[in-house]
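Structure first, then comments.
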2 protein chains.
Amino acid sequence: MDNYNASLDTLFHALADPTRRAVVQRLVKGPAPVKELAAPYDMALPSFMKHISVLEEAGLIASKKQGRVRTCTFNPDKLAAAEKWFDDQRTIWASRFDNLDTLLTTLQGETDET
Amino acid sequence: MDNYNASLDTLFHALADPTRRAVVQRLVKGPAPVKELAAPYDMALPSFMKHISVLEEAGLIASKKQGRVRTCTFNPDKLAAAEKWFDDQRTIWASRFDNLDTLLTTLQGETDET
DNA sequence: ATTATAGTTATCCATATAGCTAACTATAAT
DNA sequence: ATTATAGTTAGCTATATGGATAACTATAAT
């Protein structure tokens, strides 16, 4: 449970950056070496590598070095964990009206709007 | 497009904190005043209010002050935006094998594993 | 044997984040 | 009229983050 929450922390944090989301978006199409992943960005390699590390620590990608090139691959498992969180919220949100009191309160609130 | 990305930045950033996720989780069940939302947390009110602001700026919740109490409500639209991003990635991931070259490359990679 | 390539390590910097306290405002409640 | 409640505003602090450069290692390539 704690681990579940902690991993959502690092997972969402990893996704809260446009470079990192773009890297995921690229890797979803297939593996690629760091050099190729870095190419589109106007950023020093060590800076870029930090993004790779963040993604890897979040479990969104894996990487493996062969010779002098490190190849990165997408890992779908963690994305599923994030999606589950959204599903859970949507489910609860959708079940709001199961309770009549809630319904009345909500309608009250909504008719109060301008 | 840029706005779309920027809003994903703030959206995921907002969700990358356990307190904020818990607040969303609470509001999904129905509206609540700040005081009530803050109660479970061992945190000064101004600190807690920052979380509320982050959530509101991300568009995940809305709030309205009546008298001296500010009531917060969940806003489902943004969660949908985040889910769309996940759906998009999953779709591309699932279509990996449409291309035979990709398939062969991938199988090659997979048999290389220990 | 040299040189170029692909990362890595170490250090540094500016800004953002998450928390705090103290003092304040405005609205109930007594 | 007082007092308590619910937020708000205004600083302050420690740590994390996203970026940079410089110097290094290890592996191709020539």
Side-chain angles (χ1 to χ4, degrees), chain A residues 2 5-27 30-73 109 112, chain B residues 2 5-27 30-73 109 112:
Chain A
D2 260 11
N5 275 320
S7 80
L8 281 181
D9 284 6
T10 55
L11 188 55
F12 283 129
H13 170 249
L15 293 174
D17 177 280
T19 302
R20 290 194 291 260
R21 277 199 311 282
V23 167
V24 169
Q25 229 155 133
R26 164 63 190 76
L27 287 178
V34 169
K35 182 78 185 309
E36 185 189 318
L37 291 171
Y41 307 99
D42 185 20
M43 191 184 294
L45 234 216
S47 309
F48 185 79
M49 281 299 301
K50 279 194 195 171
H51 289 302
I52 296 294
S53 301
V54 169
L55 288 170
E56 194 160 9
E57 274 155 38
L60 282 165
I61 71 172
S63 80
K64 205 173 172 183
K65 204 172 177 179
Q66 234 158 11
R68 63 185 170 177
V69 25
R70 176 174 295 280
T71 300
C72 301
T73 55
D112 277 358
Chain B
D2 260 11
N5 275 318
S7 81
L8 281 182
D9 285 6
T10 55
L11 188 55
F12 283 128
H13 170 249
L15 293 174
D17 178 280
T19 302
R20 291 195 291 258
R21 277 200 310 282
V23 167
V24 168
Q25 227 154 136
R26 164 65 191 76
L27 287 178
V34 169
K35 182 78 186 311
E36 187 189 317
L37 291 171
Y41 307 98
D42 185 19
M43 190 185 295
L45 234 216
S47 310
F48 185 79
M49 281 299 299
K50 280 193 195 173
H51 288 303
I52 297 293
S53 301
V54 169
L55 287 170
E56 195 159 9
E57 273 154 38
L60 281 165
I61 70 172
S63 80
K64 205 174 173 183
K65 204 171 177 179
Q66 235 159 11
R68 63 185 169 176
V69 26
R70 176 175 295 279
T71 300
C72 301
T73 55
D112 276 358

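Letters A, B, ... mirror the listed sequences (proteins, then strands); counts begin at 1.
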Rounded off to whole Å, could you give me the [atom1]-to-[atom2] distance for the [X] and [N] pair?
X        : N       : atom1 : atom2 : answer
Glu57(A) : dA16(D) : CD    : C1'   : 13 Å
Phe48(A) : dG18(D) : CZ    : C1'   : 13 Å
Asp9(B)  : dT17(D) : CG    : P     : 15 Å
Asp17(B) : dT17(D) : CG    : P     : 12 Å
Phe12(B) : dT17(D) : CZ    : P     : 17 Å

**Asked** Which residue lies toward the 5' end of DNA chain D, Ala44(A) or Gly67(A), if each is placed at its nearest nucleotide?
**Response** Ala44(A)
**Message:** Nearest heavy atom decides the nucleotide; on that basis, is Leu45(A) or Val54(A) closer to the 5' end of DNA chain D?
**Reply:** Val54(A)
**Item:** Heavy-atom pair with the smallest gap, counting every atom of Leu15(B) and Phe12(A)
**Value:** O-CD1, 3.4 Å
**Prompt:** Between Phe48(B) and Val23(B), what is the shortest heavy-atom contact and its length?
**Reply:** CZ-CG2, 3.8 Å
**Request:** Apply side chain to side chain contact (heavy atoms under 4.5 Å, CB included) to Pro18(B) and list each qualifying residue two or more places apart in sequence or on a separate chain.
**Result:** Asp9(A), Arg21(B)
**Item:** Which residues share a salt bridge (charged side-chain N to carboxylate O under 4.0 Å, His left out) with Glu36(A), sequence neighbours left out
**Value:** Arg26(A)
**Prompt:** Which residues pass the salt bridge (charged side-chain N to carboxylate O under 4.0 Å, His left out) test with Arg20(B), sequence neighbours left out?
**Reply:** none
**Prompt:** What are the bounds, 5' to 3', of the part of DNA chain C that sits under 4.0 Å from heavy atoms of chain B?
**Reply:** dT17(C) to dA28(C)
Roughly how far, to the nearest 0.5 Å, is [atom2] of [Y] from [atom1] of [X]?
X        : Y        : atom1 : atom2 : answer
Ile52(A) : Cys72(A) : CD1   : SG    : 4.5 Å
Leu37(A) : Ile61(A) : CG    : CD1   : 7.5 Å
Thr71(B) : Lys64(B) : OG1   : NZ    : 9.5 Å
Leu27(A) : Leu60(A) : CG    : CG    : 10.0 Å
Ser47(A) : Asp42(A) : OG    : CG    : 10.5 Å

**Message:** Quick check on dT17(D): is either OP1 or OP2 less than 4.0 Å from any side-chain nitrogen or oxygen of His13(A)?
**Reply:** yes
**Residues within residues 32-40 of chain A bordering DNA chain C, heavy-atom distance below 4.0 Å** = Pro33(A), Val34(A), Lys35(A)
**Residue pair Val69(B), Lys35(B): steps toward the side chain to side chain contact (heavy atoms under 4.5 Å, CB included) verdict** = CA-CA 8 Å; Val69(B) 26; Lys35(B) 182 78 186 311; over 6 Å; no
**Request:** Can you run through DNA chain C from 5' to 3' and write each base as (, ), [, ], | or . depending on how it pairs? Watson-Crick or G-U wobble, both distances under 3.5 Å.
**Result:** ||||||||||||||||||||||||||||||
